[in-house]
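Remarks on the structure that follows.
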Amino acid sequence: MNLLIGCPKGGTGKSTLATNLAAYVAHAKKDVLLLDLDSQASSRRWCERRASLNVPPVPVAQLSGDVTGPARDLARCFGNLVMDAAGRNGPELRTAARVADVWFVPVRPGIADLETLNDVVDILSAARIDNPKLRVEVVMSCVSTHYGSREVFQARDAIQASFPELPVSAQFIRDRKTYRDAAAVGASVLEGKSPARAEIQLLAQSVFTF
């Protein structure tokens with residue numbers, strides 16, 4: 001399974017998703033490679049911190065530019081790739097979409113993020129020329145922990161009305177301090193007992209079948 005986490009806008013929680021989903025595969029005792037396609041190297045540094053913990057390790061590699069060929073080669077070696085693309089409409093995101101089986105597009109429930117979905121549609125259309133079976137889902141991320149808030153549901157409805165070609169995942173990721181605390185030490189929320197654990201498990205189970 002080749003899973004791409006990417007959005008043309010930064011600050012949407014893509015590295016949080018990528019690292020935790022890669023940890024999910026590692027906990028399932030399956031081969032996985034976390035492929036960091038962002039020059040900020042947030043995922044690579046997370047893996048480096050993780051190496052000192054007594055938890056399932058997550059190997060990492062870093063690529064830039066046109067990643068089509070190298071990513072396909074790595075997928076044959078590892079079986080499961082989780083690709084963390086930079087928060088911009090760059091060659092890494094565009095070419096990783098040619099290799100992915102599933103593309104999660106994390107967006108915050110606000111107008112600035114929703115406007116970037118026009119770029120997502122363009123990238124998706126181009127990628128499907130070479131990769132017609134590419135599945136895409138928008139994942140609402142950094143969602144308010146105030147359970148009375150309707151913002152996430154309003155954003156979901158707006159996406160479904162304006163971008164019918166972009167399904168919205170039933171699972172969304174809330175803005176929890178637990179994610180930041182785990183990332184700071186190279187851990188995953190799967191290694192704790194926060195409600196964040198169930199969020200990641202449910203999202204992972206929607207794409208990984210083992």
Quiz item: Just by distance, do the side chain of Glu137 and the backbone of Val168 share a donor-acceptor pair under 3.5 Å?
Solution: no

Quiz item: What are the two closest non-hydrogen atoms of Thr145 and Arg176, and how far apart are they?
Solution: CG2-CG, 4.2 Å

Quiz item: Where the side chain of Arg94 meets the backbone of Asn89, is there a donor-acceptor pair that is under 3.5 Å apart?
Solution: yes

Quiz item: So do Lys30 and Phe78 actually touch side chain to side chain, heavy atoms under 4.5 Å?
Solution: no

Quiz item: Once you round to the nearest 0.5 Å, how far does CG of Asn118 lie from CD1 of Ile123?
Solution: 11.0 Å

Quiz prompt | Main-chain N/O of Ala41 paired with Trp46 side-chain donor or acceptor, under 3.5 Å | solution = no

Exercise. State whether the side chain of Arg108 and the backbone N or O of Gly11 hold a donor-acceptor pair below 3.5 Å, judged by distance alone.
Key: yes

Practice problem: Could you give me the CA-CA distance, side-chain angles and deciding distance for Val139 and Val105, then say whether side-chain contact (heavy atoms from CB on, under 4.5 Å) is met? | Solution: CA-CA 6 Å; Val139 178; Val105 183; over 6 Å; no

Quiz prompt | Which atom of Asp38 lies closest to which atom of Ala85, heavy atoms considered | solution = CB-C, 4.5 Å

Exercise. Give a yes or no on whether Gln40 atom CD has more than 12 heavy-atom contacts from other residues, nucleotides or ligands under 6.0 Å away.
Key: no

Quiz item: If we only count heavy atoms from C-beta on, is the Asp66 to Arg98 side-chain gap below 4.5 Å?
Solution: yes

Self-check item: Under 3.5 Å: donor-acceptor pair, side chain of Asn2, backbone of Val99
Solution: yes

Exercise. Say whether, by atom type as modelled, one donor and one acceptor occur between the side chain of Asn80 and the main chain of Leu33 under 3.5 angstrom.
Key: no

Quiz item: Does the side chain of Glu191 pick up a donor-acceptor pair with the side chain of His27 at under 3.5 Å?
Solution: yes

Self-check item: Step-by-step side-chain contact (heavy atoms from CB on, under 4.5 Å) determination, Leu114 to Phe163
Solution: CA-CA 10 Å; Leu114 302 188; Phe163 302 97; 5.6 Å; no

Practice problem: Heavy atoms only: give me the nearest Ser39-Gln62 pair and the separation to one decimal. | Solution: CA-NE2, 4.1 Å

Self-check item: Shortest non-hydrogen separation from Leu63 to Pro70 and the atoms involved
Solution: CD1-CB, 3.7 Å

Practice problem: Report whether Val25 and Ile5 are members of the same hydrophobic cluster (ILVMFWY, side-chain heavy atoms less than 4.5 Å apart, transitive linking). | Solution: yes

Quiz item: What distance separates Phe208 CZ from Gln201 CD, expressed to the nearest 0.5 Å?
Solution: 13.5 Å

Quiz item: Can any side-chain N or O of Arg49 pair as donor or acceptor with the backbone N or O of Ala187 at less than 3.5 Å?
Solution: no

Practice problem: Say whether Thr178 and Ser194, considering side chains only, have a donor N or O and an acceptor N or O under 3.5 Å apart. | Solution: yes

Quiz item: Under a single-linkage definition using a 4.5 Å side-chain heavy-atom cutoff for Ile, Leu, Val, Met, Phe, Trp and Tyr, are Val138 and Ile173 assigned to the same hydrophobic cluster?
Solution: no

Quiz item: Parallel, tilted or perpendicular: which describes the rings of Phe153 and Phe172, with under 30° parallel and over 60° perpendicular?
Solution: perpendicular

Exercise. Answer yes if Leu190 and Val55 sit in the same cluster of Ile, Leu, Val, Met, Phe, Trp and Tyr residues linked by side chain heavy atoms under 4.5 Å apart, and no otherwise.
Key: no

Quiz prompt | 4.5 Å side-chain heavy-atom contact, Tyr179 and Asn20 | solution = yes

Quiz prompt | Ile159 side chain reached by Met140 side chain, heavy atoms, under 4.5 Å | solution = yes

Quiz item: Where the side chain of Ser149 meets the backbone of His146, is there a donor-acceptor pair that is under 3.5 Å apart?
Solution: no

Quiz item: Under 4.0 Å between a Lys/Arg side-chain N and an Asp/Glu carboxylate O for Asp101 and Arg135?
Solution: no

Quiz item: Looking at CG of Leu17 and SG of Cys7, how far apart are the two atoms once the value is rounded to the nearest 0.5 Å?
Solution: 11.0 Å

Exercise. Mind checking the CG-CG spacing from Leu3 to Leu203? Nearest 0.5 Å is all I need.
Key: 8.0 Å

Quiz item: Honestly curious: do Val58 and Ile200 fall in one hydrophobic cluster under the side-chain, below-4.5 Å linking rule?
Solution: yes

Quiz item: Applying the side chain to side chain donor-acceptor pair (under 3.5 Å) test to Glu48, which of Arg45, Arg44, Arg50 qualifies?
Solution: Arg44

Exercise. Please answer whether the main-chain N or O of Ala18 pairs with a side-chain N or O of Asp84 as donor and acceptor at a distance below 3.5 Å.
Key: no

Quiz item: Val207, Met83: one ILVMFWY side-chain cluster at the under-4.5 Å cut-off?
Solution: no

Quiz item: So, Ser141 side chain and Thr12 main chain: donor-acceptor pair closer than 3.5 Å or not?
Solution: yes

Exercise. Apply the side chain to side chain donor-acceptor pair (under 3.5 Å) test between Lys9 and each candidate in Asp119, Asp113, Thr116; give the one that qualifies.
Key: Asp113

Exercise. Write down the atom of Arg180, the atom of Asp175, and the distance for their closest heavy-atom approach.
Key: NH1-OD1, 2.9 Å

Practice problem: Might you point out which heavy atoms bring Leu93 and Pro8 nearest each other, and give the distance in Å? | Solution: CD2-N, 4.0 Å

Quiz item: To the nearest 0.5 Å, what is the distance between NZ (Lys14) and CG (Leu37)?
Solution: 8.5 Å

Quiz item: Heavy atoms, side chains only, cut-off 4.5 Å: are Leu166 and Val136 in contact?
Solution: yes

Quiz item: Do Glu92 and Ser64 touch side chain to side chain, with heavy atoms closer than 4.5 Å?
Solution: yes

